[in-house]
Amino acid sequence: MASDLLPRESYDNLLSVRTGLGKSDAVRDILAAASTKGVLSLAGGIPASETFPVVAIAEAMDRVMSRSATMALQYAPTEGVRAMREILAQRASETGASVDPHRVLVTSGSQQGLDMIAQVLLDSGDVVALDDPSYLGAVQVFRRAGARLLAIPSDRDGLRTDILAERLRSGISCKIVYVVPHYHNPTGAVLHMNRRRHLADLASQYGFVIVEDDPYADLGFDGERLPSVDVSSDRVVRLMSLSKSLCPGFRTAGLVAPAPLIRELTAAKQCSDLQTNTWAQYVLAELLSNAEFLPRHLRKLREIYSAKSESFCNLTRKMLPWLDFENPRGGLFLWSAISDPRVDATDLYETALSKGVAFVPGSPFCVERDGSHQLRISYSSLDDIQSREALARMGEAFETVLESR
Ligand code: PMP
């Protein structure tokens, strides 16, 4: 019998315990539905493709192929190509504490960095504190590692470190505190400077590791960017994704960690994929070695996103007056609430999908708090005409759900 015809249950007794942990079929289904033909998607955190520096990348590729083709097509060290580590160390030093390239590991996206951290630090039952709601990809990784999640409320200034301090004082001991410090996914919050310092103090008092996952730091509409928590703490692992600042397709990101952890993280990565794509690292190192490129590119990126966000927010306020939200200060998302208690986000989602528009209902992002009336809407990937149509379909879906009440 062809193996794809075997009933799924035939394998159930073979699956490892961790396979059953951290599954998120709901999200997989939502994102799959969002990519169905004819569906306008406000669901994924997809960067706007017009921000990709296609010409500059093509030129960098040509230079790599004419000057260093054989090295760029060869295996490379697990830690990463030297030029790429140097560039990432320099970028980290510009936005936080001074970093030596030896403390940089090049990973296949920050998502792999999260997985490596979980493998190196977490045993089943260990506690990870994180803001509620939180980035789904991190929640999945920590759950799959068997971690217990300690949900800490957050507000527009990020994780409530005062509440974290209370929990720690009450005797809970956690190994990791996970934060997304700029333009949080999904809430858009920016972790306040005082809270960064407070978090650093708590880390040294209680001995946990701060995982600072920062893919949206370059996406502040007014260019606002606060220093990494590592200026006040040597217990920080920084995840520096390039997916939103450049493009996600290279699957190449930087991870900065204290030296003893870098050794362990590198060993974990070696088991996973030996190394990050050599060619992508050569191309990115070539592109970023031009000191003028990134600041110019980021200025353009911020202009595009800030204009897109403003027109999307204006349109949404006009067309969906039942949706409450604050205009984002950066990042890709509107974290919004349905003001009518009769309409639940999951019902709205299902009806909206049948009318050809997708977003992500709030519940999957929430660990403990109630997300049943929240929606995460990504404004980044549709153009103006498509956005108008998507919002019109959401308006119709809202009316349909109301009528059914
Ligand atoms: N962390 C957060 C908070 C994210 O939103 C994302 C992507 N949506 C990632 C990590 C994954 O980034 P990468 O593409 O570098 O793997």
Side-chain angles (χ1 to χ4, degrees), residues 22 24 27-28 30-31 34-35 41-49 51-52 80 84 88 91-92 104-118 128 130-144 149 154 158-159 176-191 210-220 228-229 236-256 265 269 272-273 276-277 280-281 284 288 305 328 330-335 359-360 362 364-367 376-381:
S24 186
V27 176
R28 197 197 48 210
I30 287 167
L31 295 180
S35 57
S41 178
L42 303 166
I46 310 286
S49 48
T51 63
F52 298 162
M84 191 64 200
L88 289 165
R91 205 165 135 65
V104 175
L105 173 65
V106 183
T107 58
S108 300
S110 283
Q111 191 63 36
Q112 185 185 45
L114 283 167
D115 195 36
M116 299 298 98
I117 290 165
V128 175
L130 74 186
D131 31 20
D132 191 12
S134 244
Y135 167 53
L136 275 169
V139 169
Q140 260 173 286
V141 165
F142 296 140
R143 284 213 167 113
R144 203 176 171 90
L149 302 184
S154 64
L159 183 118
I176 290 177
V177 175
Y178 170 78
V179 288
V180 177
H182 288 101
Y183 317 111
H184 184 276
N185 173 7
T187 66
V190 177
L191 187 63
I210 300 165
V211 174
E212 191 188 55
D213 180 12
D214 209 6
Y216 303 102
D218 291 323
L219 270 62
S228 161
V229 180
V236 178
V237 179
R238 286 183 74 177
L239 296 174
M240 300 167 58
S241 174
L242 291 169
S243 295
K244 308 300 186 311
S245 308
L246 273 178
C247 55
F250 285 114
R251 307 307 304 133
T252 298
L255 177 155
V256 177
L265 290 162
K269 178 170 167 69
S272 166
D273 65 353
T276 299
N277 183 322
Q281 293 185 66
L284 286 170
L288 298 173
Y305 281 128
L332 302 182
F333 308 109
L334 300 192
W335 179 241
F359 55 84
V360 189
F365 299 101
C366 295
V367 181
R376 190 193 75 175
I377 296 177
S378 170
Y379 69 85
S380 57
S381 54

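Only heavy atoms go into these numbers, but all of them, side chains included; no hydrogens, no water, no symmetry mates. Atoms within a ligand are numbered from 1 in the order they appear, just like the ligands themselves. Residue numbers run from 1 in the order of the sequence given.
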* **Min N/O separation Lys244 to ligand 1 under 3.5 Å** => yes
* Asked: When you measure from atom 16 (O) of ligand 1 to every protein heavy atom, which one gives the shortest distance, and what is it?
  -> Arg251 NH2, 2.8 Å
* **Under 3.5 Å donor-acceptor, Thr252 side chain and Phe250 backbone** => yes
* May I ask you to decide if Ala48's main-chain N or O and Tyr305's side chain share a donor-acceptor pair within less than 3.5 Å? => yes
* To do: Give the atoms of ligand 1, by number and element, whose distance to some non-hydrogen atom of Pro215 is under 4.0 Å.
  => 1 (N), 2 (C), 3 (C), 4 (C)
* Counting heavy atoms only, which of Ala253, Ser241, Pro248 comes nearest to atom 15 (O) of ligand 1? -> Ser241
* Do me a favour and list the nearest non-hydrogen protein atom to atom 11 (C) of ligand 1 with residue, atom name and distance? => Tyr135 OH, 3.6 Å
* Structure fact -> Numbered in order shown, the ligand 1 atoms found under 4.0 Å of a heavy atom of Asn185 are 5 (O)
* To do: Compute the shortest N/O to N/O distance between Asp213 and ligand 1 and return yes if it is under 3.5 Å, no if not.
  => yes
* Asked: Partners of Lys269 by side-chain hydrogen bond (donor to acceptor under 3.5 Å, both in side chains), sequence neighbours excluded?
  -> Gln112, Asp273, Thr276
* Among protein heavy atoms, which sits nearest to atom 14 (O) of ligand 1, and what does the distance come to when rounded to 0.1 Å? -> Ser243 OG, 2.6 Å
* Does Thr187 have any side-chain hydrogen bond (donor to acceptor under 3.5 Å, both in side chains) partners at least two apart in sequence or in another chain, and if so, which? -> His184
* Ignoring hydrogens, just give me the one of Tyr216, Tyr183, Tyr178 whose non-hydrogen atom is nearest atom 5 (O) of ligand 1. => Tyr216
* To do: Ignoring hydrogens and angles, tell me if any N or O in the side chain of Ser378 forms a donor-acceptor pair with the backbone of Gly45 under 3.5 Å.
  => no
* Heavy-atom side-chain contact between Tyr135 and Tyr178 under 4.5 Å -> yes
* Asked: Taking the side chain from Asp131 and the backbone from Ser134, do they hold a donor-acceptor pair closer than 3.5 Å?
  -> no
